[in-house]
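So the structure is just underneath, and the comments pick up after that.
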Amino acid sequence: MKQVYKRDLERLWQTISEHFELYLPLEQDGKVNFMPWKQGENVNIDRLKTDLSPKNIIFPPTETYLKFRTVNKRLCFESVGGKNDKYVVFGMRPCDAASYSILDKVFLQEPIDRFYEERRTNGIIISLACSEPEETCFCSSFGIAADNPVLGTDIAAWDIGESILWQPKSEKGKKLTGILDNILQDTSEHEIIALERLQQSIREKLAQLPWVDLDLEIISNNMKEMFESKVWEELSKSCLGCGVCTFVCPTCHCFDIQDFGAERNGERFRCWDSCMYSDFTRMAHGNPRKTQTERFRQRFMHKLVYFLNNNGVYACVGCGRCVEKCPVNMNIVKVIKKLGGD
Amino acid sequence: MSLKLEEKAISSKQQFEPLIVAFCCNWCSYAGADLAGTSRLNYPANIKIIKVPCSCRVSPNFVLRAFQRGADGVIIAGCHPGDCHYSTGNYFTRRRFTLFANLLEYVGIEREKFKIEWISAAEGNKFATVMNEMLDSINKLGPSRKLRDGRWIRQQ
Amino acid sequence: MDKTTVRMQQIALQTLANGEVDVILGWKKGDEWYDSYPVVINDINETAELIWDAFCVNNLSKYLITELKKNLRIGVFLKGCDSLAFNQLVIDNRIDSERVVIFGLPCPGMIDPQKVKHAGLNKGLLKVERTGDKIVFITKEGVKEYIGRSFDYDKCLNCRCPNPVVSKYMLSDAVTRTDEEQYFPDVTEIEKMPLEARYDYWTKQFSKCIKCYACRNICPLCSCETCVFDNIAAGVSSKADADCEQQFFHIIRAYHVAGRCVDCGECSRVCPVGIPLEKLNRKIIKDINQLYGDYTADTDIAKSPPLGTYKVDDFDPFDGSKQGGKK
Amino acid sequence: MSCNCQKNVDSLIPQVAVIDSIRKETADVATFRIITPAGGKSFDFLPGQCAMISIPPIGEAIFSITSSPTEQRFLEFSIKKCGSVTECLHSMEIGSEVGIRGPYGNHFPVNDVLRGRDLLFIAGGIGLAPLRSVINYIMDNRRDYGTVDIIYGARSPEDLVHQEDIMNFWPKQINTKVHLTVDRAVDGWSGHVGFVPSYIKELGLANNKVALVCGPPIMIKLGLQALEQVGFKREQIYTTLELKMKCGVGKCGRCNIGDKYVCKDGPVFRCDELQQLPDEY
């Protein structure tokens, strides 16, 4: 276990950014989001969670992965996706880090998505425990420990006030720790006690939250029964069909592929798409999900049933962004409660 | 050789060749353009005319799309108010694009880049003058990438 | 219980029971203090769950479009700004006002949960009650009282219509606001910026957009059956995260509600990345007011919408001979 | 050639392919024969699998491969004009280049379940395309399979695709019968008139066969009912489905029926498996 004093943080970031691209939670116009850091930026590591999830780092909103050209009437494809630069993300929360391990199950399963793989292997994730979990947090329902970052984490960190404790969890994490040797300090008994006290306090705060123990067991035994449940119609009535929930969600990963260009020259990109949109499944001959009820059902069935069946985990980390951002206060917690018979 | 060059390369050249898209109403302004042609009046080859049934057929989408896909200036030319072939079309054009032109200016687009002109079928002269003036003012502004799609490659 | 809530439940029960309406559009309370959400009910037993508090921010008038296709008569609770949208939907011929019974709710302003959170008042918070400008926070530890509007949504601070302009039953006394807000200070501020700065400002704002379309879908007046941005055949749909596409979307979105926007501010409220969309809408409103007379279509449903009509002697900025003082 | 294509690394990257020939089947269906620029077929596959065809800058669409895996020289796709990609494809000339990637999805169980069994193929309209791949594969390995019955229907005689196969080639093969039907009687058509599902019942075929069904959704639905009425069990019936797909590799998240992705776990489903899935296709 190492530590970095808060007064040294600026120097830490400076040193990291000499070797890597560094993503930090930066505050702009009152919103905090992970963005590439430059000296003088307004860093905010106290905001519990960023407004948007950090999935854009490994799964960009738009990624051009193919260029096509026509040379002498011959078509020519060139693969241009992926990311070669090595980077570090500092201050990601355990739920968001865990979401990376969920996205891995999609993109790193055969056939492996090479562009994603490249981004993923080039990144080092420093995950900061949540000293002040909020009422919209329900990560513990999904087995994620806010006091002890593990999943998707290369280095676990804790803010104990004067300093930030630093514990490498992976080979990548150890390597980075080595590079930062002259800034990181050794810890003593004193810090270990502080850490235990912090973790204890986090656990106590979590226990006070309203949604810590959502009962997920009660749902999702029978896919068809769930699918045909009457609750979808009722729940989806207020749904506006926008894509906020899917775009702020750290685990939503559906994408579209589109071409841009003219006369057989241009590029192909993939971009975030939302199952909430009416054109998501629209084909030339029809649409299997014609109403918002069907699209709404798809989103939650995917997260709570289909993904579990296929990958053994839920496609939700309980970050609570959809809870805060939904314009009509509809969210996965309500769905879970309703499916469980309230 | 159909290889297309990056537009950046074009704009970095000394010669800036603006592209102006002119939406011309079929009944007045397009005829005005015709007259300018048959009267052998010079108007620049940089003007690409798109014929529309009435100036009020032009949607703001068209204007923005033109800017995205390479236009340096967009002009909508219609009959003089009161002379619309469909009686009232250009009165609506006038209201719509008065607001739209203000909105474009509000988001930082130069007035010179988007214009409306009333040009009758008899005003071949005015057509040529307007187009020449438009080209002049765009030339003065110089190359700009406002509203342009960065991925767009202009054909050589 | 709040007096208005009691009245609300009574009138819902009464109108459902006597067949005046078939369904009611209202709000229910979720488990959390900030969670008041829109509901459609037709069961008189559910009327007791209806609620009116400082979080009933959702405008129910847009739901009328779909619900009127399924139900004959609908009762709907509308705040001041909601009623403006309702009238505009009637003008746009999107709903049949004859089949709607409006319960008017004078509104003192809605509370922004994010402001409560940023003030650190959300810890252990159980309930928030509001009477006029008095706000009471009931927590596990005790009760805190605040006077003032510091927790109101930004859009509510600019409210110019707290009382419903149309209703059959009014559920409480009219709200009086003495603080006359200056209406377009933010627009004038941007207009004064140099052109390049304006372009940079807006490009930066637009570039934050994640194309979630919440601004469009929450807008009570964005009510096309198929939006041009969802219609692949229209050729403008592009999901690319490119500056020009964001500019395209936002300029067209604002312009498409030109002359119809009631300035309810919902677009800005729901934007997850904080784009000040109302500043685009207000620019258009300001111009319409200046050029075509006061933009009060929303209170007078007999009047033609400003872009659905014209005058022969409208101001003509494109006629060289008349070009004068106005830039 | 001044082309510096990089090595294809990701499954989303297409290879270049050339349209070698175009055979007009009906007013709006044509069969495209596609080869690599050097000649030969782009990849090996099994009957029932699909491939993504790219027409830059219009986009990509997924099609079932209609030629037999035993065909080494080319891949064939029978494509109906119905969307932007297919419109563009139909306007292309021989020698034009397109992109292709694949093969995707599972296949009909030609190497196990179908072996030695009597087979019944039921197709409607363009639905013959994926089945033709299986039929021709079986014709090339004729001794490994039992009898073959092919019921094929279309709106009119002009809408029957692969006329050479259905009229001449298949009927001449041993133990193979082709039963054609059209929806409405027209002059010059001496064959059966009526919808495919009712024809299934009229034919009175033995119900110990394995049935492979493909066609428009309504024909599949009613066809399955008809098969069940004549005594087929759902375990004996295979069908192939299509939904909107973008990636083809089970990641983009739009072609799922319940927890199954049509592009990866399908497109071929046994009907008893399909019955377990939500009704959303």
Side-chain angles (χ1 to χ4, degrees), chain B residues 55-56 59-70 75-78 80-82 84 87-119 123 126 129-130 133 141 144-152, chain C residues 187 190-191 193-203 205-206 228-229 234-236 238 240 242-245 247-252 254-256 258-259 279-288 290-292 306-322 326-327:
Chain B
S55 56
C56 80
S59 131
N61 294 8
F62 298 179
V63 178
L64 291 181
R65 198 51 112 208
F67 280 122
Q68 274 189 355
R69 304 289 167 99
I75 183 163
I76 300 175
H80 286 269
C84 178
S87 311
T88 57
N90 53 9
Y91 287 126
F92 291 100
T93 312
R94 188 166 62 182
R95 276 206 173 189
R96 285 177 200 165
F97 286 99
T98 301
L99 293 176
F100 190 67
N102 285 351
L103 185 62
L104 281 187
E105 200 185 14
Y106 184 66
V107 297
I109 311 302
E110 292 85 357
R111 275 264 150 178
E112 293 84 345
K113 296 187 75 164
F114 173 61
K115 279 197 158 162
I116 311 272
E117 287 288 344
W118 313 125
I119 301 170
E123 294 176 318
K126 182 172 180 188
T129 320
V130 162
E133 280 174 8
L141 285 176
S144 145
R145 301 194 59 81
K146 284 182 186 174
L147 299 178
R148 184 69 39 85
D149 195 322
R151 303 164 296 172
W152 186 253
Chain C
V187 175
I190 294 178
E191 282 173 335
M193 287 159 72
L195 192 86
E196 292 306 316
R198 270 201 312 258
Y199 185 78
D200 292 343
Y201 171 80
W202 282 113
T203 306
Q205 294 297 336
F206 293 155
V228 71
F229 293 99
V236 300
S238 173
D243 275 351
C244 68
E245 294 288 357
Q247 289 162 339
F248 191 102
F249 171 71
H250 285 290
I251 294 172
I252 294 301
Y255 188 73
H256 195 225
K279 291 186 189 173
L280 287 175
N281 298 337
R282 284 193 180 155
K283 163 68 179 168
I284 299 174
I285 295 174
K286 179 173 179 251
D287 283 355
I288 292 177
Q290 260 172 22
L291 295 167
Y292 309 120
L307 285 183
T309 184
Y310 66 91
K311 284 199 187 105
V312 174
D313 59 350
D314 273 340
F315 168 69
D316 193 337
F318 314 121
D319 185 350
S321 60
K322 285 187 203 159
K326 196 179 175 302
K327 200 186 148 196

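Protein chains get the first letters and strands the later ones, always in sequence-line order, with residue 1 at the start of each.
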By ring-ring contact (aromatic ring centres under 6.0 Å, His included), C/Tyr310 pairs with (sequence neighbours left out) B/Tyr91, B/Phe92
By ring-ring contact (aromatic ring centres under 6.0 Å, His included), C/His250 pairs with (sequence neighbours left out) C/Phe206
Greatest number of non-hydrogen atom pairs under 4.5 angstrom with chain B, of C/Lys311, C/Lys283, C/Lys279, falls to C/Lys283
Student check: side-chain heavy atoms of C/Trp202 and C/Leu280 closer than 4.5 Å:
yes
Heavy-atom distances under 4.5 Å only: say whether [X] touches chain C with side chain, backbone, both or neither.
| X | result |
| --- | --- |
| B/Phe97 | both |
| B/Pro81 | side chain |
| B/Leu104 | side chain |

The interface call for C/Thr203 against chain B, heavy-atom contacts under 4.5 Å, is neither
- Query: Should the pair B/Arg65 and C/Phe248 be classed as cation-pi, given the thresholds of under 6.0 Å to the six-membered ring centre and 45° from the axis?
  - Reply: yes
One option among B/Gly82, B/Pro60, B/Gly108 has the most heavy-atom pairs under 4.5 Å with chain C, and it is B/Gly108
Taken to the nearest 0.5 Å, the spacing of C/Phe318 CZ from B/Thr98 OG1 works out to 4.0 Å
